[in-house]
Amino acid sequence: MTAKLQLIGIKKKLRGRQVLDGVDIDVAARRSLVIIGGSGQGKSVTLKCALGLMKPDEGKVLVDGADVTKMPPEIRARVMRKFGMLFQGGALFDSLTVWENIAFRLLYADKIARPEAKERAIEAMRKVRLAQEFADVRPIELSGGMQKRAGLARAIIAKPDILFFDEPTTGLDPITADAINDLIVEMVKELGCAAVSITHDMPSARKIADEIAMLHNGKIVWRGPTASLDTSGNAMVEQFVAGRADGPIQAVV
Amino acid sequence: MINPFAPIGRGVLAGLAEIGRFAAFAGRSAASCFAPPFFLGQFLRQCMAVGYYSLPVIGLTAVFIGAALALNIYVGGARFNAESFVPNIVVLGITRELGPVLAGLMLAGRVSAGIAAEIGTMRVTEQLDAMTTLSTDPFKFLIAPRVLAATLTLPLLVLIADIIGVMGGYLVATYSLDFNGATYLRNTFNFLESQDVVLGLVKAAVFGFIIAVMGAYQGFNSSGGALGVGRATTNAVVGSIVLILAVNYLITAFFVE
């Protein structure tokens with residue numbers, strides 16, 4: 001299966017520390033890859049390199065086979081239109097209403113007229129089961145779960161080819177978290193896109209992933225189908241999945 | 001053995017690097033003002049925020065400075081029997097120096113801090129990253145409208161401040177210092193030259209650019225949560241004030257020579 005997104009040998013040093021040390025991942029259309037790993041192991045930096053928010057020191061980021069790290073900014077901006085991203089805290093714009101947030105790309109990048117953009121925003125809200133009555137309120141008036149739904153609606157409104165999720169269930173109660181997981185699975189299937197998520201929430205990873213990769217010390221130390229997670233044979237994966245303090249991974253306290 | 005000059009050298013290098021980063025940021029900000037896409041709605045919103053809502057603070061500053069200036073010049077002039085020069089020196093001081101500088105300093109506190117806090121909060125809450133992933137350049141959407149609005153509206157504010165400042169001097173001179181109102185105004189306008197006003201407006205445009213770019217620069221590069229945003233806001237105000245005063249001297253020296 002052709003990879004929609006491919007990261008090859010990504011290296012990144014931040015403040016003198018080698019955060020990524022040759023990360024290789026790939027994900028095909030209609031497949032969902034979840035990257036797990038402890039705090040500070042480079043999950044967010046991997047996502048930022050994939051999204052073009054951070055330039056890797058070495059390595060390639062291929063989108064449909066084309067290396068985006070070597071593209072001029074205006075062409076890379078065009079490739080970015082294939083991406084949708086759900087940020088950990090929602091990252092909704094405080095100064096705009098919920099529907100303007102959701103339709104941001106349509107309004108300001110695609111220059112679509114406001115009535116049509118609002119119609120599409122409300123359609124996206126319906127898909128993520130966010131009531132239409134919240135369309136004209138500010139994000140601050142939404143609960144954490146609703147903000148995630150609004151963020152998800154914003155990520156899917158332009159029908160992206162690749163969806164990214166940064167800790168999609170962090171800070172949510174277990175029931176709301178499960179509802180968000182269901183929505184993610186549903187959206188990935190409906191859009192037929194590739195999905196890359198980072199999380200350390202194992203129930204969430206098991207639910208949304210076709211494949212799981214574990215990142216440790218800036219390297220992918222294990223990768224396999226979700227079903228084989230409990231029989232990985234990798235001591236670090238076993239320790240992480242079991243949530244034990246003792247094992248090859250030293251707890252950072 | 002520890003080299004005593006090493007910390008000084010490190011400090012100088014860090015300072016030069018910061019100046020370089022700020023200059024590059026200012027260049028990119030300026031370029032963003034002239035390259036499409038343009039966000040007219042954002043620009044007009046910023047004109048309101050930077051220009052219209054700053055009118056009260058600029059007006060109050062100008063009227064009190066004009067009034068105080070008239071009193072001081074009267075007292076100082078009396079030592080040389082030169083009290084009659086009050087209108088001339090008030091209008092010269094207001095248009096060439098105090099109008100643009102004080103308006104700039106007031107806006108450094110109001111606008112530069114506001115821009116740094118807003119953009120800084122957007123940085124630490126990942127809103128700037130979100131904007132980039134939504135195919136919208138934050139320089140074009142956020143920074144260019146603020147820079148353009150501040151650069152264009154500060155000269156207008158200074159023009160208004162000049163008028164209000166002169167009127168402040170006029171009120172004190174006519175009601176407290178027994179000047180004849182018509183004579184005061186005639187002396188003011190006879191003495192005033194267009195280059196005095198132009199100098200003030202040029203300064204105002206440059207100060208507006210500095211205020212917006214410094215606020216945006218500090219906010220854009222903030223990190224470390226609420227503490228980082230607070231630091232960015234303080235740095236924006238201090239940086240703007242220092243730059244305004246330094247550039248004020250350079251522009252004045254250039255025009256005088």
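Order of the sequence lines sets the chain letters (A, B, ...), proteins ahead of strands, with each chain counted from 1.
Contact annotation for M122(B): only side-chain heavy atoms (C-beta onward) come within less than 4.5 Å of a heavy atom of chain A. Heavy-atom distances place the backbone of L92(A), and not its side chain, under 4.5 Å from chain B. Interface residue M80(A): backbone and side-chain heavy atoms are both found under 4.5 Å from chain B.
Between L134(B) atom CG and L106(A) atom CG the span is 9.5 Å, to the nearest 0.5 Å.
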Using atom types as modelled and no hydrogens or angles, find all donor-acceptor pairs between chain A and chain B shorter than 3.5 Å.
from	atom 1	to	atom 2	distance (Å)
D94(A)	OD2	Q127(B)	NE2	3.3
R105(A)	NH1	S135(B)	OG	3.2
R105(A)	NH2	T133(B)	O	3.0

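A ring-centre distance under 6.0 Å is found for F104(A) and F141(B).
Legend: residues meeting side chain to side chain contact (heavy atoms under 4.5 Å, CB included) with I8(A), ordered by chain and number and at least two apart, are Q6(A), D24(A), K60(A), L62(A). The side-chain hydrogen bond (donor to acceptor under 3.5 Å, both in side chains) search around K12(A) returns none, not counting sequence neighbours.
Proximity to chain B at a heavy-atom threshold of 4.5 Å picks out nothing from residues 183-200 of chain A.
Counted within 6.0 Å of CG on L13(B), heavy atoms from surrounding residues, nucleotides or ligands total more than 12; the atom is thus considered enclosed.
When all heavy atoms of A130(B) and F87(A) are compared, the pair lying nearest together is CA-CE1, 3.4 Å.
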